[in-house]
Each structure stands twice: as structure tokens, then as C-alpha cells.
There are 2 protein chains.
Amino acid sequence: MASRAKATIFDIAREAGVSKSTVSLVLQGSGLIRPETASKVRKAIEDVGYVYNRGAANLRKAHSNVIGMVINDLTNPFFAELAVGMERVFQSAGIVPFIANTAENPVRQEEVLKSLMEQGVAGLIVSPARGTTPGAFRRIETAGLPVVFAMRRLPESRIPVIAPDNHRGAYLATAHLIGKGHRRLVFFGGSSDLVVYHERLGGFREACETLGIADRDALVVEGETSRRGGIACLETALAMAEPPTAALCFNDAVAFGAMLALRKRRLEPGADFAIVGFDDVAEAEHYMPALTSVAVDSAGLGERAAHVMLKMIQSRTTRAEDHIGAVNLVVRESCGPDRRTRNRNAGLGGAA
Amino acid sequence: MASRAKATIFDIAREAGVSKSTVSLVLQGSGLIRPETASKVRKAIEDVGYVYNRGAANLRKAHSNVIGMVINDLTNPFFAELAVGMERVFQSAGIVPFIANTAENPVRQEEVLKSLMEQGVAGLIVSPARGTTPGAFRRIETAGLPVVFAMRRLPESRIPVIAPDNHRGAYLATAHLIGKGHRRLVFFGGSSDLVVYHERLGGFREACETLGIADRDALVVEGETSRRGGIACLETALAMAEPPTAALCFNDAVAFGAMLALRKRRLEPGADFAIVGFDDVAEAEHYMPALTSVAVDSAGLGERAAHVMLKMIQSRTTRAEDHIGAVNLVVRESCGPDRRTRNRNAGLGGAA
DNA sequence: GCCTATAAATGGAACGTTCCAATAAATCAA
DNA sequence: TTGATTTATTGGAACGTTCCATTTATAGGC
């Protein structure tokens with residue numbers, strides 16, 4: 001429908017009876033142009049249906065205004081919220097973040113990273129896929145492109161990290177369980193290829209140790225970090241000779257799975273077996289029973305990551321401080337009343 | 001750490017002792033180059049830490065290999081799945097989709113669209129934000145850029161649409177409710193600025209009419225399309241002089257909210273009040289009680305949308321057929337047993 | 001009226017690619 | 001050997017911007 005070849009600043013220039021340089025200046029909002037000229041040009045821009053070619057512009061300008069966000073699992077609302085947090089701050093800085101999903105696949109991640117770089121992004125915020133190899137970011141580092149990791153870190157990397165205090169979160173949750181009178185606990189889900197797993201498991205172990213739970217009463221059942229994984233973990237745990245009575249779950253998805261499996265066995269989460277989740281996704285509050293979970297404020301971490309990135313770009317550095325976000329345990333119903341004074345009224349009214 | 005100025009094909013050419021044209025050919029995988037020369041060049045590429053500048057290339061090439069996906073609400077797993085479906089097919093076509101979130105905000109959408117165009121995308125897949133104005137896509141249409149709408153349509157637009165059969169889904173769900181013996185029904189959530197709302201409500205009304213429910217027994221309570229909205233809808237409905245006994249909800253989020261509100265009143269979803277959701281998000285299956293819902297296969301629709309886009313690009317057209325995806329009602333527990341033979345065992349074992 | 005200072009607009013080179021036309025080298029037919 | 005053909009390689013002109021150095025127009029001071 002429109003004129004075939006797409007319009008350029010030359011077309012605008014002809015239309016408005018000025019030079020291409022003038023058009024360029026108007027496009028950049030330079031104050032050097034006489035207002036009447038500027039509006040003449042702006043009219044011409046409308047008339048010819050011009051769309052700015054940022055690729056061409058970036059050829060001369062040092063930096064683009066796009067930032068890439070690489071997310072390992074978009075379908076997990078937890079990560080989606082991270083993305084939303086980042087977007088909020090980028091938007092107000094006039095930057096458009098492009099999100100790409102790696103679906104937890106390192107090969108895909110490689111492609112995505114490559115594509116983003118070729119596109120000339122100004123920086124990258126990455127929640128690395130599980131199993132990312134140590135060298136995966138070398139290319140990017142040598143290119144001098146600012147990168148920050150969000151939520152997850154890589155074992156030996158020097159790239160700044162924005163993440164929640166997983167160790168402390170796990171510690172708090174475990175202490176809560178022990179405080180409720182549980183003496184034989186289990187950690188559900190996750191596997192050792194994930195740094196986060198070690199952090200959370202570390203917190204669990206430290207709490208057990210500090211608060212007088214013997215090593216043989218601090219169990220671990222690895223598993224998928226999904227509802228399905230949680231179901232499997234619970235089955236495994238209850239099949240033990242001497243089953244635990246409470247579980248700290250790697251994340252909320254695992255916790256939901258575990259609660260589901262309890263229900264299948266006619267056991268009441270909270271009353272018969274205590275469950276704590278991790279991440280505190282929106283759903284946790286609305287579950288039956290409402291899930292006690294460690295809140296990590298992912299949107300807040302996303303905002304933080306975006307701010308750090310902005311600062312890095314501005315000061316043209318590739319270094320920044322790590323930021324460990326505060327966590328807090330939000331107590332709801334899934335751990336029931338104290339184990340010592342245990343009774344059967346698993347009521348509906350919950351804690352805030 | 002690396003050499004300051006970023007490497008170009010000239011640097012590679014010097015390093016490998018060939019001309020820039022040869023390097024360009026190698027980059028494009030042309031078969032015209034002698035294999036030994038090619039590998040010499042490839043080595044040089046590694047050595048200088050080259051990153052391809054797609055912006056520069058696009059200056060000459062007609063089309064880029066990036067496609068923009070504009071999503072109205074990333075935190076809704078329903079839309080996230082749509083994105084994942086699209087990604088699957090683009091990936092195998094060697095195309096990298098960039099996702100941008102509009103957070104249901106038309107102004108933001110405008111910005112995002114503009115930015116994507118400036119970036120020189122080859123096409124756009126859009127789930128338009130609520131309240132998108134008719135003219136919002138005129139710019140893009142006159143630019144001759146292929147666009148497809150996913151999940152949602154705009155009232156008077158000629159842009160092809162990939163969406164589920166909302167009308168039929170609502171019809172099926174309503175018929176199910178009526179089949180269970182309900183005689184006074186309500187439609188929960190949504191508002192009339194959404195085309196989808198009209199489609200679903202239309203199905204609800206048609207079923208009522210066809211199956212002998214009087215107009216005054218087919219109620220409507222508008223509301224937010226969220227859990228919170230669902231809670232409010234249920235309160236409103238039960239406060240009526242003659243309350244309904246079953247609800248078709250605009251989407252699953254509303255349904256979850258309604259069930260929650262029932263529970264708060266010590267009513268059992270299914271036994272005391274029947275609920276059907278729409279979209280069949282993953283969570284529906286795992287809820288207590290499991291939610292009966294209309295499955296729309298969003299990932300499948302995403303794949304479909306991507307295919308259509310690919311075809312449009314390939315045949316350089318801006319037109320395509322609409323595609324209305326099949327839906328099916330998946331019956332679980334939230335409508336309980338038949339109302340006529342009603343009893344109180346709201347058991348756990350559910351239908352597949 | 002002339003000179004200088006300021007404001008507004010412009011031409012040209014550069015950015016990193018692709019692609020065409022041209023060249024150089026190798027192979028073949030006679 | 002020569003010319004024709006094929007195979008590899010190359011220089012140069014685009015592509016659509018920005019930005020610097022100029023030029024041109026306008027105003028101010030005397």
C-alpha cells in the first residue's frame with residue numbers, strides 16, 4: 001500500500017525542502033533548529049511514513065538503547081516477575097529491554113546471547129540456564145559488554161550478581177520448622193548442578209546443626225524443581241523406614257507438588273506434615289492451605305539489577321558490586337500449629 | 001580487556017591475509033571460497049574476537065532475522081506459554097524472537113512497537129493490550145510489515161488473527177453446567193472493552209438460550225480478570241436475592257478467586273456451587289478441587305501464529321487467513337456430581 | 001555602512017556490511 | 001600455444017544515519 005521503498009531522511013529532506021543534516025538534527029531533538037523549520041520537518045516525517053533506522057544510526061553512534069534480558073524459564077512466574085521489575089526501571093530510563101527465553105537450555109542460550117550481541121545491545125541481564133558452561137560468557141566479557149547475573153550465579157565467574165540471600169532464607173525456614181517441634185527434617189528438590197541448590201541446602205544444614213538436629217535427621221531428597229518433582233520427593237520421603245515430619249522445599253513449585261501428594265494420601269499439609277516453600281510466588285498465598293514460604297522479592301531484585309546495569313553502562317565499566325537481597329519468611333498455614341500442642345483443627349483463617 | 005575498538009571484517013581480513021569481501025563470503029557460508037581459505041578466515045575471526053554487526057548488514061540486506069513478540073501480560077502463565085510455543089518454531093527456523101511486554105498498557109505498547117520497528121524486525125506477533133486504539137497499527141501496516149494478532153483481535157482490523165474458539169468454548173462449558181442440572185447461571189469477570197469478553201459471553205448466552213434457560217436466569221457480573229476480580233464477583237452473586245448456583249468464569253484466574261471466596265464462606269466448590277474456568281492453565285489441574293476448564297492450547301496457538309508469520313514473510317505478503325483454534329472442555333471436580341443426585345462426598349479422585 | 005558575533009542550515013566523510021562487476025588463477029579443448 | 005571456461009578472489013559503490021567543519025543568513029555594535 002505505501003510507497004515501496006522505505007523512506008529515509010533524504011526523502012524527508014526533499015519533502016520539507018531542507019538538507020538531510022537538518023532532518024537528522026530534528027530527529028535528535030537538537031535545539032539548533034528554528035522551531036518553524038522543525039515543525040515543517042516533523043510534518044514531512046508524518047507524510048512520508050518514515051521509520052527511523054536504528055541500525056544505521058548505531059553504525060556511527062557508540063551505543064544503542066536496547067538491553068537484552070535473558071531468562072531461563074519464562075513460564076515460571078517467578079522469573080517473569082523478575083523481568084517485569086527490570087522493565088519498570090528501564091522504561092523510565094527510555095530504554096527498551098528485549099526479553100529472550102532460553103528454556104533452561106545452554107545451547108539455546110548460546111544462540112540467544114549471540115543474536116543479542118549481533119544486534120548491538122548495550123548490556124545484558126542474564127539468569128543463566130542450568131548447566132551453563134564456565135566459558136559461555138567469555139566472548140561477551142572480552143567484548144567489554146556489561147553483564148549482570150540475576151537470581152543465579154556461575155561458579156567461578158567475575159560477573160556481578162544480583163540474587164536473594166538463599167542461605168539465610170533457608171536458615172530461617174528451617175529454624176521455623178525446628179521451632180514448631182520437628183526433629184527429623186528433609187530438604188526437597190533441586191540438584192547439585194545448580195548453585196542456588198547449594199546455597200539453600202547450606203542454609204538448611206547450618207540451621208539443623210546450630211539448632212541441635214543430628215546429621216542423620218537432616219535428610220535430603222533431590223528432584224526436579226517442579227510440581228512433579230515435589231510429588232516424587234514426598235513419595236520417597238514417606239517410604240523411608242523412619243520418615244521425616246517436615247520439609248523445606250527448593251522452591252514453591254516443589255512445595256505445591258509435595259502438598260498435592262500429601263492430599264492424595266489423605267494427609268493434611270500442616271497438620272500431618274509441615275511444608276515450607278521458597279520464592280513466595282503469588283499463588284502461595286492463595287493455596288489451600290496457604291503456603292508458608294521464603295519471600296525473595298523478585299520484582300525488587302529485577303529493579304535492582306536494572307539499576308546496576310544502567311550505572312555500568314553510564315560509567316562504561318564492566319564491574320559492579322554483587323547485591324544480595326534481603327529475604328523474609330512469610331508464615332501462613334502449611335506448617336500448622338506447634339507440633340507439641342498438636343490438634344486437628346486445620347482452620348482456614350491464616351496469618352498475614 | 002580486549003582491544004578497545006571492536007573488530008570488523010577488515011581486521012579479520014588483515015589477520016588472515018585476504019580481502020574483506022572474502023571474509024564476508026565466509027561469514028555467509030558461501031561455497032565459493034576454497035575450504036582452506038575459509039578455515040584460515042574462521043581462525044582469524046576467533047583470534048580477533050569478532051562479533052558480527054547485524055545492523056550494518058541490514059543496511060544492505062532486505063530483511064533481518066528477528067521477529068518481535070509483543071505480549072500484553074507476561075506474568076500470566078497463559079501468555080507466557082503462548083510465547084514459548086512461538087519460540088519453538090522460530091528457533092528451528094533460525095530466527096530469534098525478541099519478546100517485549102506491554103503490561104496491558106497501550107502507551108507502553110506504542111513505545112514497544114516503535115522500538116521494534118526501528119530495530120528493523122521482519123515481522124510482529126502481537127497480543128494487543130486492552131484499550132488499544134484502532135489506529136495503533138496503522139503506522140505498521142503502511143510500512144508493509146507483516147503482523148499477526150494472537151489470542152486477541154481488534155474490533156475493525158484487517159490484521160490476521162490466531163485465537164481460540166471462545167464462543168464455542170463458552171458454549172460447551174455452559175452446556176456442561178446446564179447438563180449438571182443448574183438452572184440459574186452467572187458469567188463472572190471481564191469487561192466489555194475486551195473483544196474476548198464478548199465472544200465468551202456470547203457463547204454463554206447462546207447456550208442458555210438454546211438449552212432453555214430464561215434470560216433472567218442468565219446473569220452477568222463484570223469484574224477484573226484476576227483472582228481478586230473472581231472474589232468480588234462471587235460476593236456480588238451470593239448477595240443477590242435469588243443467587244445463582246453455577247458460574248462460568250472469564251478465565252482461570254477469576255475461577256480461582258471465586259473458589260477461594262466460596263471456601264471463605266465455608267462453601268465447597270463443586271458441591272455447593274459449580275465453577276468452570278477458561279484457558280486451562282497448568283495450575284487448574286492441581287487445584288483443590290481440580291478446576292473444570294476450557295482448554296485452549298495456547299502453546300499450540302503460539303506455534304500456529306509463528307508458522308503463519310513465517311509464511312507471510314516468505315511470500316512477502318501482509319495478508320493471511322485467520323485461524324480459530326479448537327477448544328475442549330476438560331472436566332475435573334469443580335462442578336461436582338450431577339445436581340439432581342446431589343450428595344456430600346466431595347471426594348479427591350477426579351476425572352482425567 | 002562595515003566588521004564581528006551569533007544563529008541556522010548544510011555538505012561530506014565515516015560507520016561495517018553486502019553484492020555486483022571485474023580481475024586473477026587454474027583448467028580444459030582444440 | 002591460444003582462447004574459452006570455470007573457479008577463487010577482490011575493489012568499489014551502495015545502504016541510512018551522525019557529526020564535524022563549513023557556509024550562509026541574521027543581528028548587534030560602532
(Q) Would you say that B:P155 contacts B:V195 through its side chain, given a criterion of any heavy-atom pair below 4.5 Å between the two side chains? (A) yes
Q: Using five base pairs at each end, measure the axis-to-axis angle across the helix from C:dG1-D:dC30 to C:dA30-D:dT1 and round it to 10 degrees.
A: 50°
Q) Is the shortest distance from a Lys or Arg side-chain nitrogen in B:E111 or B:K114 to a carboxylate oxygen in the other one below 4.0 Å? A) no
Q | Any donor-acceptor N/O pair, A:R108 side chain to A:T102 backbone, under 3.5 Å | A | no
Q: Calculate the interatomic distance between B:E36 atom CD and D:dT7 atom P; express it in whole Å.
A: 16 Å
Q | Separation of D:dT10 P from B:R14 CZ (nearest whole Å) | A | 15 Å
Q. Could you run down nucleotides 6-16 of chain C 5' to 3' and tag each one B, S or - for protein heavy-atom contact under 4.0 Å?
A. --SSBBBBBBB
Q. Taking only side-chain nitrogens and oxygens of A:Q28, does any of them come within less than 4.0 Å of OP1 or OP2 of D:dT17?
A. no
Q: Using ring-ring contact (aromatic ring centres under 6.0 Å, His included) as the criterion, list what pairs up with A:F98, not counting sequence neighbours.
A: B:F98
Q.
Between A:N58 and A:S64, is there a side-chain donor-acceptor contact under 3.5 Å, judged purely by atom types and distance?
A. no
Q | Heavy-atom donor-acceptor pair, B:Q109 side chain to B:A129 backbone, under 3.5 Å | A | yes
**Q.** Any donor-acceptor N or O pair under 3.5 Å, side chains A:Q28, A:S24
**A.** yes
Q.
Check A:E46 with B:R139, please: is the shortest side-chain N to carboxylate O separation under 4.0 Å?
A. yes
